[in-house]
Amino acid sequence: MSEEEWYLIDLKSRFDKIKPNTYYLSYSGGKDSHLLYWFIKDYLKRDDIKIVGINTYMEHHEIRDRILKNSDIVLYPEMKPMEVKAKYGSPCFSKIQDDFIDRYQRGSRSKSLMERIEQRSFVGKDGKVHKSSFSLNAKARELLLSGKLHRVSPKCCKILKKNTAHKFEKETGLKAILGVRGDEGAMRKTQYKSCFTKDKKFTPLWDLSDELQEKIIKKYNIEVPEVYKYIKRTGCMGCPYGSYKGDTQKELALISDSQRKFVMEYFKESYEVLGIDTNIQMNLF
Ligand code: SF4
């Protein structure tokens, strides 16, 4: 039996641990959640797990069309991106750093926050001196402390995605099946260490490697959006959170002129701070 076949048999045994009608598949239209979609629909042949997508207004059109096509239920956030920006500010450096900045810009000067912003050393529970591993980068710190930084906030993700999903979960009592994998980065590696999170979300792909995922996709001919030919992961169009890997610029090159116009307005100040070149044009779609 091949490695791919073994993995899918094991994945099936993981699904046997949940009561299907108490869970829904959180479907983003991306590679990981689509693998789960394929597994539920084509491999398990189950129709008792609802497929639920969120139209954040920020997806590549190809991904948005997949969400609309494959979801049983499409949810819409309570605010549109521009409303989030006007009320809270824009995403810029990373979710963690933007959270520190947001708290500072709203007036907090708590000891733990300032330790992170100023990257001060602190004495840990073990009595040793540590430097916080989660602190602001030098550029963010300089702009923030000199008052030159625009209004920054990580609330975009919270309002467009998290709150929308929470509201649905509260109304239906269903819990999410998430297509998240530890192989997607250091943060996820520490966050996802088993099939269930603390709040009982089901994360059955947590230990699936990039390599095995590709083999499964190839062997079973699972559909992959065109956009993945150009970028490794797709989130929202042009989100600056992908900028450290150069993904933001690549994404800007992939979208249409009208999409680019919207994205450049939404992330204008963040792009300026991050020095993102917005003039690349490829229009591959
Ligand atoms: S990934 Fe970026 S654009 Fe998308 S919801 Fe999160 S912060 Fe907003």
Side-chain angles (χ1 to χ4, degrees), residues 26-33 52-68 71 74-103 105 134 136-137 140 149-168 176 178-181 184-188 191 225 227-228 231-256 258-274 276 278:
S26 173
Y27 183 71
S28 71
K31 223 176 190 176
D32 299 329
S33 69
V52 180
I54 300 176
N55 183 352
T56 62
Y57 311 103
M58 295 297 301
E59 291 88 14
H60 289 262
H61 284 178
E62 190 194 15
I63 300 287
R64 183 205 55 197
D65 292 348
R66 273 186 137 194
I67 292 176
L68 298 179
S71 301
V74 178
L75 307 174
Y76 291 84
E78 59 187 12
M79 290 170 89
K80 291 198 170 162
M82 283 302 181
E83 295 168 340
V84 177
K85 177 179 178 176
K87 190 163 181 187
Y88 299 105
S90 333
C92 189
F93 297 99
S94 69
K95 279 187 205 167
I96 290 183
Q97 294 189 81
D98 288 0
D99 181 50
F100 299 148
I101 294 169
D102 176 47
R103 280 155 58 193
Q105 289 181 328
F134 293 114
L136 280 199
N137 67 46
L149 193 60
H150 60 290
R151 186 72 179 90
V152 166
S153 162
K155 290 235 167 46
C156 180
C157 259
K158 186 168 189 298
I159 290 170
L160 299 187
K161 293 179 177 172
K162 249 189 182 169
N163 288 3
T164 313
H166 280 174
K167 188 167 173 262
F168 173 76
L178 300 174
V180 287
R181 297 180 302 112
E184 289 177 295
M187 184 78 160
R188 292 205 164 176
Q191 219 174 346
V227 69
Y228 282 100
I231 47 179
K232 196 162 176 270
R233 286 184 63 195
T234 164
C236 301
M237 294 181 297
C239 179
Y241 287 162
S243 67
Y244 70 103
K245 287 192 257 160
D247 281 357
T248 307
Q249 265 147 327
K250 277 190 222 156
E251 284 187 356
L252 284 173
L254 294 170
I255 58 184
S256 69
S258 63
Q259 288 171 313
R260 191 179 301 115
K261 195 169 166 237
F262 165 73
V263 163
M264 280 167 56
E265 195 188 336
Y266 188 45
F267 298 123
K268 182 175 182 290
E269 299 81 0
S270 298
Y271 285 170
E272 282 167 10
V273 164
L274 297 165
I276 291 174
T278 54

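The first residue in the sequence is number 1, and the count goes up from there. No experiment lies behind these values; they were computed from the predicted model shown. Remember, it's 1-based here, ligands and their atoms both numbered in the order they're listed.
- A salt bridge links Lys268 with Glu272: the distance from a Lys NZ or Arg NE/NH1/NH2 to an Asp or Glu carboxylate oxygen falls below 4.0 Å.
- Atom 2 (Fe) of ligand 1 has its closest protein heavy atom at Cys239 SG, 2.3 Å.
- Here Cys236 does not reach atom 8 (Fe) of ligand 1: none of its N/O/S atoms is less than 2.8 Å from the metal.
- Considering only heavy atoms from C-beta on, Ile67 stays 4.5 Å or farther from Asn55 through its side chain.
- Residue contacts with ligand 1 for Lys95 are absent, since no atom lies close enough (heavy atoms, distance under 4.0 Å).
- Between Tyr271 and Phe267, the ring planes lie tilted relative to each other; the angle falls in the 30° to 60° range.
- In terms of protein heavy atoms, atom 6 (Fe) of ligand 1 is closest to Cys157 SG, 2.2 Å.
- Residues Leu160 and Lys155 fail the side-chain proximity criterion, which asks for heavy atoms closer than 4.5 Å.
- Judged by the shortest distance from any of its heavy atoms, Phe267 lies inside the 4.0 Å radius around the atoms of ligand 1.
- The nearest heavy-atom contact from the protein to atom 8 (Fe) of ligand 1 is Cys156 SG, 2.2 Å.
- Of the charged side-chain nitrogens involved, none lies within less than 4.0 Å of a carboxylate oxygen, so that Lys95 and Asp99 do not count as a salt-bridged pair.
- In terms of heavy-atom proximity, Ser153 sits nearest to Tyr88 at CB-O, 3.3 Å.
- Within ligand 1, counting atoms from 1 as listed, the ones closer than 4.0 Å to a heavy atom of Pro91 are 7 (S).
- Formation of a donor-acceptor pair under 3.5 Å by the Gln97 side chain with backbone atoms of Asn137 is found in this model.
- Interface of Tyr241 with ligand 1, defined as ligand atoms under 4.0 Å from a residue heavy atom, comprises 7 (S).
- Counting heavy atoms closer than 4.0 Å to ligand 1, residue Tyr266 contributes nothing at all.
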